[in-house]
Number of protein chains: 2
Amino acid sequence: MAQSDTVDRILDAAEELFAERGFSETSLRMITSKAKVNLAAVNYHFGSKNALIHAVFGRFLTPFSATLEKAFDELELRCDGKPPTLNQTLWVLTESAVRMPQRNEKGISIFMRLLGLAYTQSQGHLRKFLEQEYSEPFSRFMRLLKEATPQLSAVDRYWRIQFMLGATAFTMSSSDALQDILRNKLGVDTTVQEIAARLVPFLAAGMQAQDTLLTPRVENKIPVA
Amino acid sequence: MAQSDTVDRILDAAEELFAERGFSETSLRMITSKAKVNLAAVNYHFGSKNALIHAVFGRFLTPFSATLEKAFDELELRCDGKPPTLNQTLWVLTESAVRMPQRNEKGISIFMRLLGLAYTQSQGHLRKFLEQEYSEPFSRFMRLLKEATPQLSAVDRYWRIQFMLGATAFTMSSSDALQDILRNKLGVDTTVQEIAARLVPFLAAGMQAQDTLLTPRVENKIPVA
DNA sequence: ATGTGCTTCAAACGTATGTTTCAAACAGAC
DNA sequence: GTCTGTTTGAAACATACGTTTGAAGCACAT
């Protein structure tokens with residue numbers, strides 16, 4: 001699955017175990033025994049469990065954010081001057097994610113699941129690490145979203161972006177399980193690419209929904225029982 | 001905050017701590033010391049930590065599912081014969097959630113966060129417990145969704161429902177953090193009710209999106225780099 | 001007052017965790 | 001070969017966890 005270098009073996013094992021069990025639920029002993037490596041190797045090479053978590057994220061997030069930057073560059077070049085549309089922006093993002101060189105066939109869903117976990121599991125150190133390490137591509141994406149949805153108020157846009165992130169992270173993070181269920185229920189096979197292709201129109205439509213429901217005060221809009 | 005009965009004190013403390021830290025990250029000692037109760041009381045009254053988790057969910061999910069059933073009854077009665085619309089169905093759900101009698105002002109976000117965690121944290125026992133305990137209102141909701149979106153293929157509907165669940169679970173599970181960020185960024189305060197009021201139109205629009213993008217083969221739709 | 005059933009309490013149990021230690025093994029330079 | 005710096009190894013460390021124990025406390029019927 002990878003070269004037999006200790007560091008990479010640890011990273012591979014940790015990545016997979018974190019993705020399928022979460023951080024707190026994965027012990028160093030599980031990782032080292034899956035990696036066929038001595039227990040002390042983790043602390044020797046990484047310093048601590050938290051640092052290992054950071055390393056796992058850094059290994060796939062750094063190349064990804066580079067890919068993403070280039071893709072955004074191309075996109076803005078193609079649009080010369082005019083801001084890219086919402087659909088274009090979303091497609092560029094999913095493309096970059098889907099086209100990332102993967103270590104194996106599970107790569108994409110591990111990638112997605114880890115991102116989801118980073119968002120969900122309230123690991124303060126991880127959030128801090130990601131914020132200060134990858135703030136640039138993130139805020140660039142945010143800026144593109146803003147320019148693509150000028151009709152939205154800042155507050156509306158903020159929440160809808162959260163909804164998008166949620167739908168994406170959640171679906172992708174359990175894409176394996178969801179694909180299995182669908183296969184059993186309807187006998188249909190799906191690829192991650194197809195899920196992404198279904199997701200983007202969903203997100204774009206939600207993002208651009210004009211809610212006639214929400215005007216001055218929200219409470220009025222909830223029908224009284 | 002509550003009556004001084006040991007069981008309730010434990011449930012209150014556990015609920016709050018689980019919501020803000022997750023299950024594995026919350027120890028019985030944290031719970032019992034917050035509840036000002038002896039450590040052994042948890043195992044005495046509930047049997048185990050897992051059983052306590054079930055009890056926490058049962059305490060708010062049982063009345064909620066009863067409320068929901070009644071709300072669905074009313075809705076179907078109001079629509080006599082015709083299937084309720086997507087918007088109606090979604091509103092009835094969020095209404096029932098938002099209107100639940102709360103133990104305190106944080107009640108709603110705790111409720112939401114716990115639901116999100118149940119979905120996200122891969123605690124096998126919890127999923128099993130929830131499935132066999134609350135399968136009925138869940139599948140009723142699914143049936144209503146199906147009748148409200150007859151234009152969708154089964155596969156499309158399946159994925160879009162996952163997208164909805166994801167957006168909801170994710171947003172609600174970190175609603176506190178997201179509210180804080182928004183307050184710092186734009187100086188705006190938000191209630192869970194308002195989040196729900198923004199979420200519903202987003203979901204409805206996404207659910208009803210007609211994706212001109214997806215026709216015979218998906219791969220063609222991803223622009224080649 | 002006495003006994004009974006339920007509840008609380010402090011203490012301990014066994015296990016698992018992240019981390020450290022220090023000697024052994026190893027690789028490459030001289 | 002011998003030295004040097006790096007990596008591995010088995011074992012132990014301290015701490016935290018969920019759970020169990022058995023005595024003490026309590027309310028209440030007899």
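So you know, we letter chains A, B, ... as the sequences are listed, proteins then strands, and number each from 1. Atom set for the values below is all heavy atoms of this structure, side chains included, hydrogens, waters and symmetry mates excluded.
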Distance in angstrom units between [X] [atom1] and [N] [atom2], rounded:
X       : N      : atom1 : atom2 : result
B/Phe23 : D/dG18 : CZ    : P     : 14 Å
B/Ile31 : D/dT19 : CD1   : C1'   : 14 Å
B/Leu28 : C/dA11 : CG    : P     : 19 Å
B/Leu52 : D/dC17 : CG    : P     : 15 Å
B/Phe46 : D/dG18 : CZ    : C1'   : 15 Å
A/Ile10 : D/dT7  : CD1   : P     : 12 Å
A/Arg9  : D/dT8  : CZ    : C1'   : 12 Å
A/Asn50 : C/dT17 : CG    : P     : 16 Å

Original post:
Is the centre of the A/Phe64 ring less than 6.0 Å from the centre of the A/Tyr134 ring?
Top reply: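 No, the ring of A/Phe64 stays outside the 6.0 Å limit from the ring of A/Tyr134, centre to centre.
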
Original post:
Where each residue is assigned the nucleotide of DNA chain D containing its nearest heavy atom, which of A/Leu39 and A/His45 is assigned the position nearer the 5′ end?
Top reply: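 Of the two residues, A/His45 wins.
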
Original post:
Between D/dT8, D/dC17, C/dG18, which one does the side chain of B/Arg29 approach most closely?
Top reply: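 The closest nucleotide is D/dC17.
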
Subject >> Residue A/Lys49, side-chain heavy atoms: nucleotide from C/dT8, C/dG18, D/dT19 that is nearest >> reply: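 Selected nucleotide (nearest to the side chain): C/dG18.
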
**OP:** Before accepting this row, confirm whether a basic side-chain N of the pair A/Glu147/A/Arg143 lies closer than 4.0 Å to the acidic partner's carboxylate O.
**Re:**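 Answer for the salt bridge query: yes.
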
Original post:
Thinking salt bridges, do B/Asp180 and B/Arg183 make one under a 4.0 Å N-O criterion?
Top reply: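 Salt bridge flag = yes for B/Arg183 with B/Asp180.
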
Would you classify [X] as touching base, sugar-phosphate or nothing, given that sugar-phosphate means primed atoms plus P, OP1 and OP2, and contacts are heavy atoms under 4.0 Å?
X       : answer
A/Ala41 : nothing
B/Thr32 : nothing
A/Thr26 : sugar-phosphate

**OP:** Quick one: list whatever passes salt bridge (charged side-chain N to carboxylate O under 4.0 Å, His left out) with B/Arg157, sequence neighbours left out.
**Re:**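 Testing B/Arg157 for salt bridge (charged side-chain N to carboxylate O under 4.0 Å, His left out), a comparison that skips the adjacent residues, returns none.
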
Original post:
When you match B/Tyr44 and A/Asn43 each to their closest nucleotide on DNA chain C, which lands nearer the 5' end?
Top reply: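 The residue closer to the strand's 5' end, by nearest nucleotide, is B/Tyr44.
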
**OP:** Name the residue closer to the 5' end of DNA chain C, choosing between A/Ala40 and A/Met30 according to the nucleotide with the nearest heavy atom.
**Re:**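 With A/Ala40 and A/Met30 compared, the 5'-side residue is A/Met30.
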
**OP:** Kindly say if A/Thr6 contacts the phosphate of D/dT8, meaning a side-chain N or O under 4.0 Å from OP1 or OP2.
**Re:**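 Yes, A/Thr6 has a side-chain N/O under 4.0 Å of OP1/OP2 on D/dT8.
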
Subject >> Short side-chain N/O contact from B/Ser27 to OP1 or OP2 of D/dC17, under 4.0 Å >> reply: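 Answer is yes, contact under 4.0 Å.
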
Original post:
Do A/Glu25 and B/Ser24 have a side chain donor and acceptor closer than 3.5 Å?
Top reply: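 Yes, a side-chain donor-acceptor pair sits under 3.5 Å.
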
